[in-house]
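Okay, structure first, notes after.
Residue numbers start from 1 in every chain, and the chains themselves are labelled A, B, ... in the order their sequence lines are given, proteins ahead of strands.
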2 protein chains.
Amino acid sequence: MKAKSTGLKITKAKKFRVGGRTRLPRAERREMILNQAAEFFSEYGLTGQTRPLAAACGISQRLLYRFFPNKAALTAEVYARTILGPFKGTWLADLTDRERPVAERLTDFYRDYAETVLTRRWLRLFLYSSLAEGDMAPNYIASIITRLLETIVEEVAAEQDVCLPEDVALRHELGWTLHGTVSHMAIRKHLYHASQSVPTDDIIAFHVRSFVAGFKAMVEGAGNPRPGS
Amino acid sequence: MKAKSTGLKITKAKKFRVGGRTRLPRAERREMILNQAAEFFSEYGLTGQTRPLAAACGISQRLLYRFFPNKAALTAEVYARTILGPFKGTWLADLTDRERPVAERLTDFYRDYAETVLTRRWLRLFLYSSLAEGDMAPNYIASIITRLLETIVEEVAAEQDVCLPEDVALRHELGWTLHGTVSHMAIRKHLYHASQSVPTDDIIAFHVRSFVAGFKAMVEGAGNPRPGS
DNA sequence: ATCTTTTGTCGTCAGTTGACGACTTATTTT
DNA sequence: AAAATAAGTCGTCAACTGACGACAAAAGAT
(Lines give C-alpha, C1' and ligand atoms only; values in the text may rest on other atoms or scores of the structure.)
Protein backbone atom coordinates (compact mmCIF):
# COMPACT_ATOMS: atom_id res chain seq x y z
CA MET A 1 0.00 0.00 0.00
CA LYS A 2 2.96 2.29 0.31
CA ALA A 3 3.82 2.36 -3.39
CA LYS A 4 1.68 3.89 -6.11
CA SER A 5 -0.73 1.40 -7.61
CA THR A 6 1.11 1.27 -10.91
CA GLY A 7 4.54 1.59 -9.44
CA LEU A 8 5.52 4.09 -12.11
CA LYS A 9 8.09 6.60 -11.00
CA ILE A 10 8.07 9.62 -13.23
CA THR A 11 10.98 11.74 -12.21
CA LYS A 12 10.84 14.76 -14.46
CA ALA A 13 7.14 15.17 -15.17
CA LYS A 14 7.33 18.77 -14.05
CA LYS A 15 3.78 19.81 -14.72
CA PHE A 16 1.18 17.14 -14.37
CA ARG A 17 1.26 13.74 -12.84
CA VAL A 18 -1.15 10.96 -13.64
CA GLY A 19 -2.00 9.09 -10.47
CA GLY A 20 -2.87 10.63 -7.11
CA ARG A 21 -3.37 14.33 -6.64
CA THR A 22 -1.84 16.75 -9.05
CA ARG A 23 0.58 19.23 -7.65
CA LEU A 24 0.81 22.59 -9.32
CA PRO A 25 3.09 25.57 -8.82
CA ARG A 26 1.46 28.38 -6.97
CA ALA A 27 0.71 30.69 -9.88
CA GLU A 28 -0.80 27.98 -12.02
CA ARG A 29 -3.01 26.62 -9.28
CA ARG A 30 -4.20 30.09 -8.51
CA GLU A 31 -5.08 30.68 -12.13
CA MET A 32 -6.88 27.39 -12.31
CA ILE A 33 -8.92 28.17 -9.21
CA LEU A 34 -9.88 31.60 -10.51
CA ASN A 35 -11.05 30.14 -13.77
CA GLN A 36 -13.12 27.42 -12.15
CA ALA A 37 -14.46 29.92 -9.65
CA ALA A 38 -15.66 32.21 -12.43
CA GLU A 39 -17.56 29.35 -13.96
CA PHE A 40 -18.87 28.20 -10.61
CA PHE A 41 -20.03 31.56 -9.28
CA SER A 42 -21.61 32.51 -12.57
CA GLU A 43 -23.70 29.37 -12.34
CA TYR A 44 -24.61 29.41 -8.65
CA GLY A 45 -24.20 33.05 -7.73
CA LEU A 46 -21.72 34.71 -5.44
CA THR A 47 -23.37 32.93 -2.52
CA GLY A 48 -22.17 29.60 -3.88
CA GLN A 49 -20.34 27.64 -1.20
CA THR A 50 -16.66 27.01 -0.93
CA ARG A 51 -16.94 23.24 -0.58
CA PRO A 52 -18.73 22.60 -3.89
CA LEU A 53 -16.33 25.04 -5.51
CA ALA A 54 -13.34 23.16 -4.17
CA ALA A 55 -14.87 19.93 -5.42
CA ALA A 56 -15.29 21.46 -8.87
CA CYS A 57 -11.64 22.45 -8.74
CA GLY A 58 -10.67 18.97 -7.66
CA ILE A 59 -8.93 20.24 -4.55
CA SER A 60 -9.66 20.37 -0.85
CA GLN A 61 -11.66 23.25 0.53
CA ARG A 62 -8.76 24.21 2.75
CA LEU A 63 -6.52 24.88 -0.21
CA LEU A 64 -8.67 27.78 -1.33
CA TYR A 65 -7.60 29.61 1.78
CA ARG A 66 -3.94 29.23 0.88
CA PHE A 67 -4.58 31.60 -2.04
CA PHE A 68 -7.27 33.92 -0.78
CA PRO A 69 -7.62 35.25 2.76
CA ASN A 70 -11.39 34.78 2.63
CA LYS A 71 -14.26 34.14 0.29
CA ALA A 72 -14.90 37.83 -0.35
CA ALA A 73 -11.38 38.28 -1.70
CA LEU A 74 -11.91 35.39 -4.06
CA THR A 75 -15.27 36.59 -5.37
CA ALA A 76 -13.91 40.11 -5.73
CA GLU A 77 -11.09 38.94 -7.92
CA VAL A 78 -13.36 36.71 -9.96
CA TYR A 79 -15.67 39.63 -10.50
CA ALA A 80 -12.91 41.98 -11.53
CA ARG A 81 -11.52 39.55 -14.06
CA THR A 82 -14.74 38.24 -15.51
CA ILE A 83 -16.72 41.44 -15.65
CA LEU A 84 -14.15 44.09 -16.33
CA GLY A 85 -11.79 41.93 -18.34
CA PRO A 86 -13.45 41.41 -21.72
CA PHE A 87 -13.99 45.04 -22.68
CA LYS A 88 -11.88 46.00 -25.65
CA GLY A 89 -10.21 49.30 -26.25
CA THR A 90 -10.54 49.15 -30.01
CA TRP A 91 -14.31 49.36 -30.09
CA LEU A 92 -14.54 53.13 -29.87
CA ALA A 93 -12.09 53.60 -32.70
CA ASP A 94 -13.84 51.05 -34.92
CA LEU A 95 -17.20 52.62 -34.28
CA THR A 96 -16.05 56.04 -35.42
CA ASP A 97 -14.56 54.90 -38.70
CA ARG A 98 -16.76 56.96 -41.01
CA GLU A 99 -15.44 55.29 -44.12
CA ARG A 100 -17.96 52.53 -43.51
CA PRO A 101 -21.76 52.82 -43.24
CA VAL A 102 -22.87 53.06 -39.65
CA ALA A 103 -25.17 50.04 -39.87
CA GLU A 104 -22.21 47.90 -40.82
CA ARG A 105 -20.08 49.27 -38.02
CA LEU A 106 -22.84 48.64 -35.52
CA THR A 107 -23.46 45.10 -36.70
CA ASP A 108 -19.78 44.28 -36.46
CA PHE A 109 -19.48 45.85 -33.08
CA TYR A 110 -22.46 44.12 -31.53
CA ARG A 111 -21.49 40.76 -32.93
CA ASP A 112 -18.13 41.12 -31.29
CA TYR A 113 -19.66 42.52 -28.13
CA ALA A 114 -22.11 39.64 -27.88
CA GLU A 115 -19.35 37.14 -28.38
CA THR A 116 -16.86 38.55 -25.92
CA VAL A 117 -18.94 40.35 -23.30
CA LEU A 118 -22.44 38.94 -23.42
CA THR A 119 -21.39 35.39 -22.69
CA ARG A 120 -23.22 33.15 -20.28
CA ARG A 121 -20.45 33.56 -17.75
CA TRP A 122 -20.34 37.33 -17.95
CA LEU A 123 -24.07 37.88 -18.00
CA ARG A 124 -24.99 35.63 -15.14
CA LEU A 125 -22.22 36.92 -12.92
CA PHE A 126 -23.16 40.48 -13.77
CA LEU A 127 -26.80 39.92 -12.95
CA TYR A 128 -26.04 38.05 -9.76
CA SER A 129 -23.89 40.85 -8.49
CA SER A 130 -26.25 43.55 -9.69
CA LEU A 131 -29.06 41.95 -7.74
CA ALA A 132 -26.96 41.77 -4.60
CA GLU A 133 -26.91 45.40 -3.66
CA GLY A 134 -23.22 45.53 -2.89
CA ASP A 135 -22.37 46.47 -6.42
CA MET A 136 -18.80 45.46 -6.95
CA ALA A 137 -17.75 47.96 -9.60
CA PRO A 138 -20.74 49.27 -11.45
CA ASN A 139 -19.32 52.74 -11.96
CA TYR A 140 -16.48 51.63 -14.14
CA ILE A 141 -18.73 49.45 -16.27
CA ALA A 142 -21.32 52.19 -16.44
CA SER A 143 -18.81 54.73 -17.65
CA ILE A 144 -17.56 52.44 -20.40
CA ILE A 145 -21.04 51.70 -21.66
CA THR A 146 -22.02 55.33 -21.43
CA ARG A 147 -19.15 56.25 -23.69
CA LEU A 148 -20.14 53.57 -26.18
CA LEU A 149 -23.72 54.80 -26.19
CA GLU A 150 -22.69 58.38 -26.79
CA THR A 151 -20.49 57.38 -29.68
CA ILE A 152 -23.11 55.18 -31.29
CA VAL A 153 -25.79 57.81 -31.10
CA GLU A 154 -23.49 60.48 -32.48
CA GLU A 155 -22.37 58.30 -35.36
CA VAL A 156 -25.88 57.44 -36.45
CA ALA A 157 -26.98 61.05 -36.09
CA ALA A 158 -24.02 62.22 -38.16
CA GLU A 159 -24.71 59.80 -40.97
CA GLN A 160 -28.40 60.64 -41.07
CA ASP A 161 -27.89 64.34 -40.49
CA VAL A 162 -30.17 64.27 -37.49
CA CYS A 163 -29.97 66.86 -34.73
CA LEU A 164 -29.61 65.29 -31.31
CA PRO A 165 -31.27 66.59 -28.15
CA GLU A 166 -29.14 68.65 -25.77
CA ASP A 167 -29.97 66.57 -22.72
CA VAL A 168 -27.18 64.04 -22.24
CA ALA A 169 -29.34 61.58 -20.32
CA LEU A 170 -31.82 61.63 -23.16
CA ARG A 171 -29.10 60.91 -25.70
CA HIS A 172 -28.02 57.96 -23.65
CA GLU A 173 -31.54 56.66 -23.63
CA LEU A 174 -31.57 56.78 -27.42
CA GLY A 175 -28.53 54.55 -27.47
CA TRP A 176 -30.04 52.20 -24.91
CA THR A 177 -32.76 51.42 -27.41
CA LEU A 178 -30.31 49.34 -29.40
CA HIS A 179 -27.99 48.35 -26.58
CA GLY A 180 -30.98 47.22 -24.55
CA THR A 181 -32.40 44.90 -27.19
CA VAL A 182 -29.06 43.25 -27.77
CA SER A 183 -28.43 42.87 -24.05
CA HIS A 184 -31.89 41.50 -23.53
CA MET A 185 -31.40 39.01 -26.30
CA ALA A 186 -28.39 37.72 -24.40
CA ILE A 187 -30.45 37.51 -21.23
CA ARG A 188 -33.04 35.42 -23.02
CA LYS A 189 -30.35 33.21 -24.39
CA HIS A 190 -28.48 32.59 -21.18
CA LEU A 191 -31.17 32.85 -18.51
CA TYR A 192 -34.46 31.73 -19.90
CA HIS A 193 -34.13 28.46 -21.68
CA ALA A 194 -35.09 29.95 -24.99
CA SER A 195 -35.44 28.03 -28.20
CA GLN A 196 -32.36 29.57 -29.77
CA SER A 197 -33.45 28.65 -33.26
CA VAL A 198 -32.64 32.01 -34.84
CA PRO A 199 -28.87 32.62 -34.94
CA THR A 200 -27.52 35.41 -32.77
CA ASP A 201 -25.86 37.14 -35.69
CA ASP A 202 -29.15 37.38 -37.55
CA ILE A 203 -30.92 38.82 -34.57
CA ILE A 204 -28.25 41.44 -34.10
CA ALA A 205 -28.44 42.29 -37.78
CA PHE A 206 -32.06 43.20 -37.71
CA HIS A 207 -31.87 44.90 -34.36
CA VAL A 208 -29.34 47.20 -35.95
CA ARG A 209 -31.46 47.63 -39.08
CA SER A 210 -34.47 48.52 -37.00
CA PHE A 211 -32.51 51.01 -34.92
CA VAL A 212 -30.89 52.74 -37.84
CA ALA A 213 -34.08 52.88 -39.87
CA GLY A 214 -36.17 54.14 -36.98
CA PHE A 215 -33.59 56.57 -35.62
CA LYS A 216 -34.86 59.77 -37.17
CA ALA A 217 -38.44 59.05 -36.20
CA MET A 218 -37.32 58.20 -32.69
CA VAL A 219 -35.34 61.38 -32.17
CA GLU A 220 -37.95 63.69 -33.60
CA GLY A 221 -40.27 64.61 -30.80
CA ALA A 222 -37.99 62.99 -28.26
CA GLY A 223 -36.71 66.04 -26.46
CA ASN A 224 -35.03 68.95 -28.17
CA PRO A 225 -36.69 68.85 -31.55
CA ARG A 226 -34.71 71.76 -32.86
CA PRO A 227 -34.10 71.04 -36.52
CA GLY A 228 -31.27 73.02 -38.00
CA SER A 229 -27.91 71.26 -38.33
CA MET B 1 -46.94 43.70 35.85
CA LYS B 2 -49.94 41.56 35.22
CA ALA B 3 -52.05 44.31 33.66
CA LYS B 4 -51.27 46.12 30.42
CA SER B 5 -49.18 49.20 30.93
CA THR B 6 -52.06 51.56 30.10
CA GLY B 7 -54.72 49.50 31.73
CA LEU B 8 -57.00 50.01 28.75
CA LYS B 9 -59.29 47.13 28.12
CA ILE B 10 -60.56 47.24 24.60
CA THR B 11 -63.19 44.59 24.33
CA LYS B 12 -64.33 44.81 20.77
CA ALA B 13 -61.20 45.96 18.95
CA LYS B 14 -61.49 43.02 16.64
CA LYS B 15 -58.61 43.80 14.36
CA PHE B 16 -55.60 45.49 15.83
CA ARG B 17 -54.38 46.14 19.29
CA VAL B 18 -51.88 48.78 20.27
CA GLY B 19 -49.56 47.44 22.93
CA GLY B 20 -47.85 44.07 22.95
CA ARG B 21 -47.92 41.78 19.99
CA THR B 22 -50.70 42.10 17.51
CA ARG B 23 -52.93 39.12 17.05
CA LEU B 24 -54.46 38.56 13.67
CA PRO B 25 -56.96 36.06 12.34
CA ARG B 26 -55.40 33.31 10.33
CA ALA B 27 -56.28 34.53 6.84
CA GLU B 28 -55.12 38.07 7.47
CA ARG B 29 -51.83 37.06 9.00
CA ARG B 30 -51.19 34.76 6.10
CA GLU B 31 -51.87 37.52 3.64
CA MET B 32 -49.61 39.85 5.54
CA ILE B 33 -46.79 37.33 5.55
CA LEU B 34 -47.11 36.67 1.84
CA ASN B 35 -46.95 40.34 1.08
CA GLN B 36 -43.91 40.96 3.24
CA ALA B 37 -42.29 37.83 1.86
CA ALA B 38 -42.73 39.04 -1.71
CA GLU B 39 -40.96 42.26 -0.81
CA PHE B 40 -38.30 40.44 1.15
CA PHE B 41 -37.47 37.74 -1.38
CA SER B 42 -37.47 40.19 -4.25
CA GLU B 43 -34.84 42.18 -2.38
CA TYR B 44 -32.65 39.36 -1.09
CA GLY B 45 -33.44 36.51 -3.42
CA LEU B 46 -35.19 33.24 -2.77
CA THR B 47 -32.25 32.20 -0.62
CA GLY B 48 -33.13 34.91 1.89
CA GLN B 49 -33.37 33.48 5.38
CA THR B 50 -36.47 32.85 7.40
CA ARG B 51 -35.30 34.72 10.48
CA PRO B 52 -34.78 38.09 8.78
CA LEU B 53 -38.05 37.57 6.99
CA ALA B 54 -39.87 36.92 10.25
CA ALA B 55 -38.25 40.03 11.69
CA ALA B 56 -39.48 42.06 8.72
CA CYS B 57 -42.95 40.69 9.36
CA GLY B 58 -42.69 41.56 13.03
CA ILE B 59 -43.37 37.98 14.09
CA SER B 60 -41.38 35.06 15.40
CA GLN B 61 -39.65 32.75 12.98
CA ARG B 62 -41.66 29.84 14.29
CA LEU B 63 -44.93 31.41 13.24
CA LEU B 64 -44.02 31.14 9.58
CA TYR B 65 -44.21 27.38 9.95
CA ARG B 66 -47.78 27.60 11.19
CA PHE B 67 -48.80 28.78 7.74
CA PHE B 68 -46.38 27.01 5.45
CA PRO B 69 -45.03 23.48 5.85
CA ASN B 70 -41.56 24.59 4.76
CA LYS B 71 -39.70 27.42 3.12
CA ALA B 72 -40.13 26.01 -0.37
CA ALA B 73 -43.90 26.15 -0.04
CA LEU B 74 -43.68 29.78 0.99
CA THR B 75 -41.39 30.83 -1.83
CA ALA B 76 -43.48 28.90 -4.32
CA GLU B 77 -46.61 30.75 -3.34
CA VAL B 78 -44.83 34.09 -3.32
CA TYR B 79 -43.55 33.37 -6.78
CA ALA B 80 -46.91 32.33 -8.13
CA ARG B 81 -48.60 35.45 -6.81
CA THR B 82 -45.96 37.99 -7.64
CA ILE B 83 -44.88 36.73 -11.02
CA LEU B 84 -48.02 35.27 -12.50
CA GLY B 85 -50.44 37.62 -10.78
CA PRO B 86 -50.09 40.95 -12.57
CA PHE B 87 -50.73 39.82 -16.13
CA LYS B 88 -53.93 41.25 -17.47
CA GLY B 89 -56.35 39.53 -19.77
CA THR B 90 -57.42 42.70 -21.51
CA TRP B 91 -54.08 43.41 -23.14
CA LEU B 92 -54.59 41.19 -26.15
CA ALA B 93 -57.94 42.69 -26.90
CA ASP B 94 -56.68 46.25 -26.55
CA LEU B 95 -53.71 45.56 -28.79
CA THR B 96 -55.90 44.33 -31.62
CA ASP B 97 -58.23 47.30 -31.66
CA ARG B 98 -57.54 48.46 -35.20
CA GLU B 99 -59.56 51.61 -34.79
CA ARG B 100 -56.48 53.20 -33.26
CA PRO B 101 -53.01 53.60 -34.77
CA VAL B 102 -50.71 50.80 -33.73
CA ALA B 103 -48.09 53.13 -32.27
CA GLU B 104 -50.68 54.50 -29.88
CA ARG B 105 -51.83 51.03 -28.88
CA LEU B 106 -48.27 49.95 -28.26
CA THR B 107 -47.42 52.99 -26.20
CA ASP B 108 -50.49 52.51 -24.04
CA PHE B 109 -49.82 48.85 -23.64
CA TYR B 110 -46.19 49.18 -22.65
CA ARG B 111 -46.88 51.98 -20.23
CA ASP B 112 -49.40 49.77 -18.51
CA TYR B 113 -47.10 46.77 -18.74
CA ALA B 114 -44.20 48.67 -17.24
CA GLU B 115 -46.36 49.91 -14.42
CA THR B 116 -47.97 46.63 -13.48
CA VAL B 117 -45.49 43.94 -14.49
CA LEU B 118 -42.08 45.55 -14.74
CA THR B 119 -42.03 46.71 -11.14
CA ARG B 120 -39.01 46.40 -8.92
CA ARG B 121 -40.66 43.56 -7.05
CA TRP B 122 -41.61 41.60 -10.14
CA LEU B 123 -38.37 42.09 -12.01
CA ARG B 124 -35.99 41.23 -9.21
CA LEU B 125 -37.95 38.17 -8.20
CA PHE B 126 -38.15 37.06 -11.80
CA LEU B 127 -34.44 37.45 -12.35
CA TYR B 128 -33.54 35.78 -9.08
CA SER B 129 -35.59 32.75 -9.95
CA SER B 130 -34.48 32.71 -13.57
CA LEU B 131 -30.88 32.60 -12.44
CA ALA B 132 -31.56 29.74 -10.08
CA GLU B 133 -31.99 26.95 -12.54
CA GLY B 134 -35.06 25.50 -10.89
CA ASP B 135 -37.38 27.64 -12.93
CA MET B 136 -40.58 27.92 -11.01
CA ALA B 137 -43.05 28.42 -13.82
CA PRO B 138 -41.31 29.78 -16.88
CA ASN B 139 -43.50 27.96 -19.36
CA TYR B 140 -46.64 29.76 -18.41
CA ILE B 141 -44.95 33.16 -18.52
CA ALA B 142 -43.24 32.30 -21.76
CA SER B 143 -46.50 31.34 -23.41
CA ILE B 144 -48.17 34.58 -22.38
CA ILE B 145 -45.34 36.72 -23.66
CA THR B 146 -45.11 34.71 -26.84
CA ARG B 147 -48.73 35.42 -27.54
CA LEU B 148 -48.23 39.11 -26.91
CA LEU B 149 -45.26 39.18 -29.25
CA GLU B 150 -47.15 37.46 -32.03
CA THR B 151 -50.02 39.88 -31.70
CA ILE B 152 -47.80 42.95 -31.67
CA VAL B 153 -45.85 41.88 -34.72
CA GLU B 154 -48.99 41.03 -36.62
CA GLU B 155 -50.62 44.33 -35.78
CA VAL B 156 -47.69 46.41 -36.91
CA ALA B 157 -47.32 44.33 -40.06
CA ALA B 158 -51.00 44.73 -40.84
CA GLU B 159 -50.93 48.49 -40.46
CA GLN B 160 -47.80 48.85 -42.56
CA ASP B 161 -48.82 46.23 -45.07
CA VAL B 162 -45.62 44.31 -44.49
CA CYS B 163 -45.29 40.62 -45.25
CA LEU B 164 -44.02 38.67 -42.26
CA PRO B 165 -41.59 35.75 -42.45
CA GLU B 166 -43.05 32.25 -42.23
CA ASP B 167 -40.74 31.13 -39.45
CA VAL B 168 -42.54 31.59 -36.14
CA ALA B 169 -39.37 31.85 -34.11
CA LEU B 170 -38.20 34.62 -36.37
CA ARG B 171 -41.48 36.48 -35.96
CA HIS B 172 -41.07 36.26 -32.21
CA GLU B 173 -37.61 37.70 -32.51
CA LEU B 174 -39.02 40.68 -34.35
CA GLY B 175 -41.33 41.33 -31.43
CA TRP B 176 -38.53 40.90 -28.93
CA THR B 177 -36.85 43.91 -30.48
CA LEU B 178 -39.37 46.16 -28.82
CA HIS B 179 -40.21 43.97 -25.85
CA GLY B 180 -36.52 43.60 -25.11
CA THR B 181 -35.74 47.30 -24.99
CA VAL B 182 -38.64 48.00 -22.68
CA SER B 183 -37.73 45.09 -20.43
CA HIS B 184 -34.13 46.15 -20.39
CA MET B 185 -35.08 49.67 -19.47
CA ALA B 186 -36.82 48.23 -16.44
CA ILE B 187 -33.73 46.24 -15.58
CA ARG B 188 -31.62 49.37 -15.71
CA LYS B 189 -34.10 51.14 -13.53
CA HIS B 190 -34.46 48.52 -10.85
CA LEU B 191 -31.10 46.77 -10.85
CA TYR B 192 -28.42 49.18 -11.83
CA HIS B 193 -28.70 52.37 -9.90
CA ALA B 194 -29.41 54.40 -12.99
CA SER B 195 -29.88 58.13 -13.06
CA GLN B 196 -33.56 57.91 -13.86
CA SER B 197 -33.70 61.46 -15.11
CA VAL B 198 -35.73 60.70 -18.25
CA PRO B 199 -39.30 59.68 -17.38
CA THR B 200 -40.27 56.07 -18.11
CA ASP B 201 -43.23 57.12 -20.22
CA ASP B 202 -41.01 59.17 -22.51
CA ILE B 203 -38.59 56.32 -22.97
CA ILE B 204 -41.37 53.94 -23.85
CA ALA B 205 -42.75 56.47 -26.30
CA PHE B 206 -39.63 56.64 -28.39
CA HIS B 207 -38.90 52.96 -28.12
CA VAL B 208 -42.25 52.44 -29.75
CA ARG B 209 -41.62 55.15 -32.33
CA SER B 210 -38.29 53.60 -33.22
CA PHE B 211 -39.80 50.13 -33.51
CA VAL B 212 -42.71 51.17 -35.67
CA ALA B 213 -40.62 53.41 -37.92
CA GLY B 214 -37.93 50.79 -38.38
CA PHE B 215 -40.25 47.82 -38.72
CA LYS B 216 -40.32 47.55 -42.48
CA ALA B 217 -36.58 47.90 -42.83
CA MET B 218 -36.10 45.33 -40.10
CA VAL B 219 -38.36 42.73 -41.67
CA GLU B 220 -37.00 43.12 -45.15
CA GLY B 221 -34.05 40.85 -45.46
CA ALA B 222 -34.82 39.23 -42.13
CA GLY B 223 -35.93 35.84 -43.30
CA ASN B 224 -38.74 35.23 -45.77
CA PRO B 225 -38.52 38.36 -47.86
CA ARG B 226 -41.42 37.38 -50.05
CA PRO B 227 -43.19 40.61 -50.92
CA GLY B 228 -46.75 40.07 -52.03
CA SER B 229 -49.50 40.60 -49.47
C1' DA C 1 -65.81 31.91 35.61
C1' DT C 2 -64.20 27.78 33.13
C1' DC C 3 -63.04 25.22 29.18
C1' DT C 4 -61.54 25.02 24.38
C1' DT C 5 -59.56 26.72 20.41
C1' DT C 6 -56.57 29.67 18.12
C1' DT C 7 -52.56 32.63 17.82
C1' DG C 8 -48.17 33.20 19.06
C1' DT C 9 -43.18 32.61 21.29
C1' DC C 10 -39.08 30.16 23.39
C1' DG C 11 -35.66 27.11 23.05
C1' DT C 12 -33.38 23.61 20.70
C1' DC C 13 -31.65 20.20 17.27
C1' DA C 14 -29.30 18.59 13.12
C1' DG C 15 -27.12 19.92 9.05
C1' DT C 16 -24.41 23.77 6.77
C1' DT C 17 -20.79 26.93 5.99
C1' DG C 18 -16.63 30.00 6.36
C1' DA C 19 -12.40 29.72 8.44
C1' DC C 20 -8.12 27.80 10.25
C1' DG C 21 -4.48 24.94 13.20
C1' DA C 22 -1.97 20.83 12.73
C1' DC C 23 -0.27 17.50 9.96
C1' DT C 24 1.39 14.94 5.52
C1' DT C 25 3.77 14.64 1.20
C1' DA C 26 6.29 16.24 -2.70
C1' DT C 27 9.97 19.24 -4.61
C1' DT C 28 14.06 21.91 -4.18
C1' DT C 29 18.25 23.28 -1.96
C1' DT C 30 22.56 22.36 0.39
C1' DA D 1 21.08 12.01 1.95
C1' DA D 2 19.45 15.54 4.93
C1' DA D 3 17.32 19.83 5.55
C1' DA D 4 14.26 23.34 4.04
C1' DT D 5 10.48 24.87 1.54
C1' DA D 6 6.29 24.57 -0.82
C1' DA D 7 1.77 22.14 -2.00
C1' DG D 8 -1.88 19.89 -0.23
C1' DT D 9 -5.34 17.39 3.14
C1' DC D 10 -7.79 16.23 7.62
C1' DG D 11 -10.44 17.43 11.16
C1' DT D 12 -12.66 20.78 13.80
C1' DC D 13 -14.88 25.08 15.59
C1' DA D 14 -18.25 28.76 15.92
C1' DA D 15 -21.91 30.96 13.72
C1' DC D 16 -25.83 30.24 10.90
C1' DT D 17 -30.17 28.14 9.11
C1' DG D 18 -34.41 25.32 8.40
C1' DA D 19 -37.42 22.93 11.13
C1' DC D 20 -40.20 21.69 15.10
C1' DG D 21 -41.78 20.16 20.11
C1' DA D 22 -43.39 22.31 24.11
C1' DC D 23 -45.32 25.89 26.25
C1' DA D 24 -47.92 30.76 27.03
C1' DA D 25 -51.65 33.71 26.30
C1' DA D 26 -55.52 35.89 23.96
C1' DA D 27 -60.27 35.16 22.09
C1' DG D 28 -64.38 32.64 21.81
C1' DA D 29 -67.74 29.10 23.56
C1' DT D 30 -70.48 27.12 27.51
(request) Under 4.0 Å from any atom of DNA chain C, heavy atoms only: list the residues of residues 47-56 of chain A that qualify, in numerical order. (result) A:G48, A:Q49, A:T50, A:R51

(request) May I have the distance from B:L64 (atom CG) to D:dG18 (atom P), rounded to whole angstrom? (result) 10 Å

(request) Stems involving DNA chain C: give each as a range paired with a range, ordered by first number, where a stem means at least three consecutive Watson-Crick or G-U wobble pairs under 3.5 Å. (result) C:1-30 with D:1-30

(request) Side chain of A:R62 only, please: which of C:dG11, C:dC20, D:dA26 is the nearest? (result) C:dC20

(request) Return the value, rounded to whole Å, for the distance between atom CE of A:M32 and atom P of D:dA7. (result) 14 Å

(message) Of the options C:dG8, D:dA19, C:dT27, whose atoms approach the side-chain atoms of B:Y65 most closely?
(response) D:dA19

(message) Over 60° means perpendicular and under 30° means parallel, so tell me whether A:W91 and A:F87 are parallel, tilted or perpendicular.
(response) perpendicular

(request) Check every strand shown and say whether A:R26 touches a base, only sugar-phosphate, or nothing at a heavy-atom separation below 4.0 Å. (result) sugar-phosphate

(request) Would you check, one step at a time, whether the test side-chain contact (heavy atoms from CB on, under 4.5 Å) holds for A:R188 with A:Q196? (result) CA-CA 9 Å; A:R188 287 196 326 267; A:Q196 269 290 94; over 6 Å; no

(request) Please report the shortest heavy-atom distance between A:H184 and B:W176, naming the atom on each side. (result) CE1-CZ3, 3.3 Å

(message) Rounded to whole Å, how long is the line connecting atom CG of B:L63 with atom C1' of D:dC20?
(response) 13 Å

(message) I want to check a possible cation-pi pair here: A:R26 against A:F67, using under 6.0 Å from ring centre and within 45° of the ring axis as the test.
(response) yes

